[in-house]
There are 2 protein chains.
Amino acid sequence: MSGGDVDLAAVAGLIGDRTRSRMLVALLGGREISASLLADEAGVSPSTASGHLAKLVDGDLVAARTSGRHRHYRLASAAVAEVVERLVELAPAEEIGSLRASRRAAELRVARTCYDHLAGRVGVGLMHGLLQRGHLTGGDGGYEAAAAQRDAPASPGRDLDYRLTPGGQEFLDHLGVDLPQGRRALVRYCVDWTETRHHLGGRLGRGLRDRFLEAGWLEPRTTNRALRVTAEGRAVLAEEFGLDLSPS
Amino acid sequence: MSGGDVDLAAVAGLIGDRTRSRMLVALLGGREISASLLADEAGVSPSTASGHLAKLVDGDLVAARTSGRHRHYRLASAAVAEVVERLVELAPAEEIGSLRASRRAAELRVARTCYDHLAGRVGVGLMHGLLQRGHLTGGDGGYEAAAAQRDAPASPGRDLDYRLTPGGQEFLDHLGVDLPQGRRALVRYCVDWTETRHHLGGRLGRGLRDRFLEAGWLEPRTTNRALRVTAEGRAVLAEEFGLDLSPS
DNA sequence: CGGACGCTTCGTCCGTCAGCGAAGCGTTCT
DNA sequence: AGAACGCTTCGCTGACGGACGAAGCGTCCG
């Protein structure tokens, strides 16, 4: 018998472990994270973490990249991120903490840091605004059609060539954004798991985040990596990026 | 730390057991199944099955209905069905049984039941046909643009407001579709994993499935939840929905 | 070149949980 | 009423797998 049933259980079982699930959630940001950091995040010893990561890689849920003596892990595909996200939503309407947890989730959905740039509705909105105003060209600001084709490795985006226009440069000056120097790509994108769309990464993403924090348009929350949009921030987002945050 | 992490692991762990996953897959067909049948399906003793079912109910993945000395189980929601489908998709592309397996997969891709409605090319095609003929408005039948605009909660579609037009109602009458009553939303959508597009859920999806089976346009296959499109079915899909199935 | 560092492999321990059969409870049939 | 039936609860056993520390391997730094 058997043979026929796909290994649903294997995949789910892989996710269904406290430690591994913590790692996956940590990786939901879309960024690579080193083994030791993941161990820390999950609260286990390096050796334990290593074992779990090996399993996750073996199960094709995460992918690894070796760089010197470090090893960086990332989710293997957008499909994985989506499944994890769905599972989180299915998670028990928890008794206590339910309120707290869902509030936190809501906060994260609005704005959060993702590595060194911005994600959530604000992160996606920034990119959308730049595209719509012609400050950024290439791609489509969505996560759709061509991009969504199955074979997309959905690793941190490099395939869609976004470029900053001259007008875009002016716009950034106007906002007071200071782009960090370096060999790092100016524009890179991440798939946003709460929005299923792209948000800005690269030096541009970094510069925007820095400016938004510096100007007090966004404020870090104490608890997590969620950010609070201030009144001025709301105004800037509306005026300069055409982003209306009112519906929740 | 801690407290905050939702119980992803609990849900995934619930699914991540051979026996329970077999039960869930069996329930994907959308029909209620009695405890003893599920035990049989999963290949375990009644007592073992009972334990697992209790856990699934406790975790809100399946719901139970008592009828006399029987107890019938069903998936608790379409969201569960979707997650399970997604997980199946993530499952390793199995090596063995490749021929048999790939044929079965191909069958599933064409048409299958998903919970209580239709999925696969037929499911997606139905929705597309309704939209294109103006029987359904709102959204775009895709998984893109407008859809991504909103802060999609990424739960089974509720954010895109699809509505049935007067012409659509007539069309359904013409087809002989009887919409089930109830508080359940008329139109809901699921993202189809074989098609990366929306297919119909809700009462409309249910009604269409019922009609297609009743009229003999689709026939259940013995092996799984795949459906066979009959000659009349093919004609109906082409004429009424503009769906051509030829390029297998 | 030696030492610190990041990560993995190995061996061991222990908790958790799937599995079964026996027994219990309620329903249906004759 | 008695018996068959469907399902659940209980107690027990056995095994899978997660946890850690020690040790090993390769990389980076002074």
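Within every chain, numbering begins at 1; the chains are lettered A, B, ... in the order of the sequence lines, protein sequences first and strands thereafter. Note that these values count all heavy atoms, side chains included, but never hydrogens, waters or copies made by symmetry.
For the pair B/Asp58 CG and D/dT8 C1', the interatomic distance rounds to 15 Å; values are reported in whole Å. Straight-line distance from the CG atom of B/Leu38 to the C1' atom of D/dG6: 13 Å, rounded to whole Å. When the C1' atom of C/dG26 is taken as reference, atom NE2 of B/His70 falls 12 Å away, rounded to whole Å. Counting to the nearest Å, the C1' atom of D/dG6 and the CG atom of B/Leu53 are 13 Å from each other. The distance between atom CD of B/Glu32 and atom C1' of D/dG6, rounded to the nearest whole Å, is 16 Å. Spacing between atom NE2 of B/His72 and atom C1' of D/dT8 amounts to 16 Å, rounded to whole angstrom units.
Put simply, the side chain of B/Arg22 gets close to the backbone of B/Ala42: a donor and an acceptor are under 3.5 Å apart. The backbone N or O of A/Thr19 lies less than 3.5 Å from a partner atom in the side chain of A/Asp17, making a donor-acceptor pair. Here the side chain of B/Thr230 pairs a donor or acceptor atom with the backbone of B/Trp217 at under 3.5 angstrom.
Note that the CG atom of B/Leu208 and the CG atom of B/Leu118 stand 7.0 Å from one another [nearest 0.5 Å].
Between its opening and closing five pairs, the helix from C/dC1-D/dG30 to C/dT30-D/dA1 changes axis direction by 30°, a value rounded to 10 degrees.
With a 6.0 Å radius and a threshold of 12 heavy atoms from other residues, nucleotides or ligands, B/Glu41 has its CD atom at or below the threshold.
Within the 4.0 Å cut-off from OP1 or OP2 of D/dG6, not a single side-chain nitrogen or oxygen of B/Arg71 is found.
The two atoms that bring B/Arg211 and B/Gly176 nearest to each other are CD-O, 3.2 Å, heavy atoms only. Taking all atoms of both residues into account, the shortest heavy-atom contact from B/Tyr73 to B/Val62 is CD2-CG2, 4.0 Å. Closest approach of A/Leu27 to A/Arg74, counting heavy atoms only: CD2-CA, 4.0 Å.
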List the atom pairs, donor and acceptor, that lie under 3.5 Å between side-chain atoms in residues 47-57 of chain A and the rest of the protein, sequence neighbours left out.
{"unit_1": "A/Ser47", "atom_1": "OG", "unit_2": "A/Ser45", "atom_2": "OG", "d": "3.1"}
{"unit_1": "A/Thr48", "atom_1": "OG1", "unit_2": "A/Ser45", "atom_2": "OG", "d": "3.0"}
{"unit_1": "A/His52", "atom_1": "ND1", "unit_2": "A/Arg20", "atom_2": "NH1", "d": "3.1"}

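One can find a donor-acceptor pair under 3.5 Å joining the base of D/dC5 and the side-chain atoms of B/Arg69.
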*How does each nucleotide of nucleotides 14-20 of chain C score, in 5' to 3' order, for protein heavy atoms under 4.0 Å: base (B), sugar-phosphate only (S), or none (-)?*
----SSB

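Two residues, B/Tyr73 and A/Ala49, neighbour DNA chain D, and the one matched to the more 5' nucleotide by heavy-atom proximity is B/Tyr73.
Within 4.0 Å (heavy atoms only), B/Thr66 reaches no atom of the nucleic acid at all.
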